[in-house]
Number of protein chains: 2
Amino acid sequence: MTYTIGSLARAAAVNVETIRYYQRRGLVGEPPKPPGGIRRYDESHAGRLRFIRQAQTLGFSLGEVADLLALEDGCHCREAGRLGAAKLALVRERIAQLRCVEKALAGMVGQCRGNTGKVHCPLIASLKRNANAGAATAGKPRERKAAARRPVRA
Amino acid sequence: MTYTIGSLARAAAVNVETIRYYQRRGLVGEPPKPPGGIRRYDESHAGRLRFIRQAQTLGFSLGEVADLLALEDGCHCREAGRLGAAKLALVRERIAQLRCVEKALAGMVGQCRGNTGKVHCPLIASLKRNANAGAATAGKPRERKAAARRPVRA
DNA sequence: GTTGACTCCGTATCTGACTACGGGGGTACG
DNA sequence: CGTACCCCCGTAGTCAGATACGGAGTCAAC
């Protein structure tokens, strides 16, 4: 089955304009345009779009997503391996941090059962440990030139 | 030990302007200003800032961070519990997804050892399963009014 | 008592990621 | 044939999250 850009957008639950934007950024390909006609997309495009959205909700910027997609697309293995290993470390770090949050939240939610007073939750404390660990390796703020620091749809 | 806003910024590895911005957003408090003087901050402020950054890298928007901080600050337990449970579900989902990515990346990096050809990695496939599961509950794109879909520093 | 680093505060600018607009065109169907 | 969609493409606008700027005031040290 093939898609027009509009039906592709519906299939992947994104805006048409977003697809065009991703094309401009080189994240998804633009199929060749039949003379005087309408471009045709397929499942691989839909998969790519869903992947991008997914990766974004996991905290990857579009730039990072582009890196991941470059891996998928196949580049020289040596390079792919390095890049993949770096991303892997990043992913594992995020998982570890999220587990801290999970534990803290779970504890707090448990404490809250039936209580009507106030709570002081261990969330900040639990994250602070992690943050301090990371802070040692962090440079001065002005040196940061990295991706903007923004999140993601809920 | 106490901080001026500048030393606080260094201690938490953020920009001074960012602190002011967070104050405007109500994420961190502004200590009272001694008449004609300079505000003083302490460890609790530094912790809060680190927490915010931490939470952001985990994919929470500043709005969500504000929710989490409200829990920390203590609100009625019933409400805190609900909020906490919701965030908890979200966090668990993210962990599960990240584990998919982790597995896929690890497999790929493994395959790459010593190989100089090309790779086609199972990354997209691994996420597609997850994404499709979620897609069932997703509304049309235009209905989205949620937080912007942006990530986070590397 | 001047210098230099820093604070205060308001406003302006930048970046990433969309999202909207609008003119020009094709296709489909009643 | 008309009209109702949909596509193409370029450009402009929006929104969150910072960052930057600049004049006036403060403080510590030389």
Side-chain angles (χ1 to χ4, degrees), chain A residues 2-28 30-41 45 49 52-66 140-154, chain B residues 2-28 30-41 45 49 52-53 55-57 59-66 140-154:
Chain A
T2 73
Y3 301 103
T4 66
I5 198 170
S7 56
L8 176 65
R10 278 187 296 277
V14 301
N15 196 307
V16 169
E17 307 301 330
T18 303
I19 296 176
R20 294 196 196 287
Y21 174 67
Y22 289 168
Q23 289 176 332
R24 262 174 268 146
R25 302 249 335 206
L27 291 171
V28 312
E30 221 176 338
K33 185 179 169 183
I38 284 173
R39 294 174 209 283
R40 288 282 153 182
Y41 300 85
H45 295 97
L49 288 171
I52 294 169
R53 292 311 226 189
Q54 210 53 48
Q56 278 188 296
T57 70
L58 298 178
F60 293 98
S61 72
L62 287 187
E64 292 174 319
V65 173
K140 290 182 180 178
R142 9 323 287 277
E143 295 174 11
R144 268 188 304 103
K145 189 74 188 293
R149 180 187 289 279
R150 285 78 148 306
V152 161
R153 61 133 187 256
Chain B
T2 73
Y3 301 103
T4 65
I5 198 170
S7 56
L8 176 65
R10 278 187 296 275
V14 300
N15 197 306
V16 168
E17 307 301 330
T18 303
I19 297 176
R20 295 197 197 286
Y21 174 65
Y22 290 167
Q23 289 175 333
R24 264 174 266 143
R25 301 252 332 208
L27 290 171
V28 311
E30 219 174 343
K33 185 179 168 183
I38 285 173
R39 295 175 207 283
R40 287 281 154 183
Y41 300 84
H45 294 97
L49 287 171
I52 294 170
R53 292 310 226 187
Q56 277 188 295
T57 69
F60 293 98
S61 71
L62 287 186
E64 292 173 320
V65 173
K140 290 181 181 179
R142 4 330 283 283
E143 293 173 10
R144 268 186 304 105
K145 191 67 188 295
R149 177 189 290 280
R150 286 80 150 307
V152 163
R153 62 135 187 250

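Letters go in sequence order (proteins before strands), and every chain restarts at 1.
Between A:Asn15 atom CG and C:dT19 atom C1' there is a gap of 6 Å when expressed in whole angstrom units. As rounded to whole Å, 15 Å separates atom C1' of D:dT19 from atom CZ of B:Arg25. Going from atom CG of B:Leu8 over to atom C1' of C:dC8 covers 15 Å, rounded to whole Å. Taking atom OH of residue B:Tyr21 and atom P of nucleotide D:dC21, one finds them 19 Å apart after rounding to whole Å. Distance B:Gln23 CD to D:dG17 C1': 16 Å, rounded to the nearest Å. Put simply, CD on B:Gln56 is 7 Å from P on D:dG17, counting in whole angstrom units. Atom P of nucleotide D:dA16 and atom CD of B:Glu64 are separated by 13 Å, given to the nearest angstrom. The separation between B:Leu27 atom CG and D:dA16 atom C1' is 12 Å, rounded to whole Å.
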Give the C-alpha distance, both sets of side-chain angles, the deciding distance and a yes or no for side-chain contact (heavy atoms from CB on, under 4.5 Å) between B:Tyr22 and B:Leu62.
CA-CA 9 Å; B:Tyr22 290 167; B:Leu62 287 186; 3.9 Å; yes
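Put simply, B:Tyr22 has no side-chain N or O that comes within less than 4.0 Å of OP1 or OP2 on D:dG17. Distances shown here put a side-chain N or O of A:Thr18 below 4.0 Å from the OP1 or OP2 atom of C:dT19.
Atom-to-atom distance recorded for A:Arg39:CZ and A:His45:NE2 is 10.5 Å, nearest 0.5 angstrom. Here CG of B:Leu49 is found 8.5 Å from CZ of B:Arg53. Values are rounded to the nearest 0.5 Å. From A:Arg40, atom CZ reaches atom OG1 of A:Thr4 across 6.0 Å, with rounding to the nearest 0.5 Å. Once rounded to the nearest 0.5 Å, the distance linking CD1 of A:Ile5 with CD of A:Glu30 reads 7.5 Å. The distance from the CG atom of B:Leu8 to the OG1 atom of B:Thr2 is 10.5 Å, given to the nearest 0.5 Å.
Of all nucleotides listed (C:dT19, D:dA18, D:dG17), C:dT19 comes nearest to the side chain of A:Arg53.
Between B:Val28 and B:Ile52, some side-chain heavy-atom pair lies under the 4.5 Å cut-off.
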What does nucleotides 6-12 of chain D look like as a protein-contact string, B for base, S for sugar-phosphate only, - for none, at under 4.0 angstrom between heavy atoms?
-SBB-B-
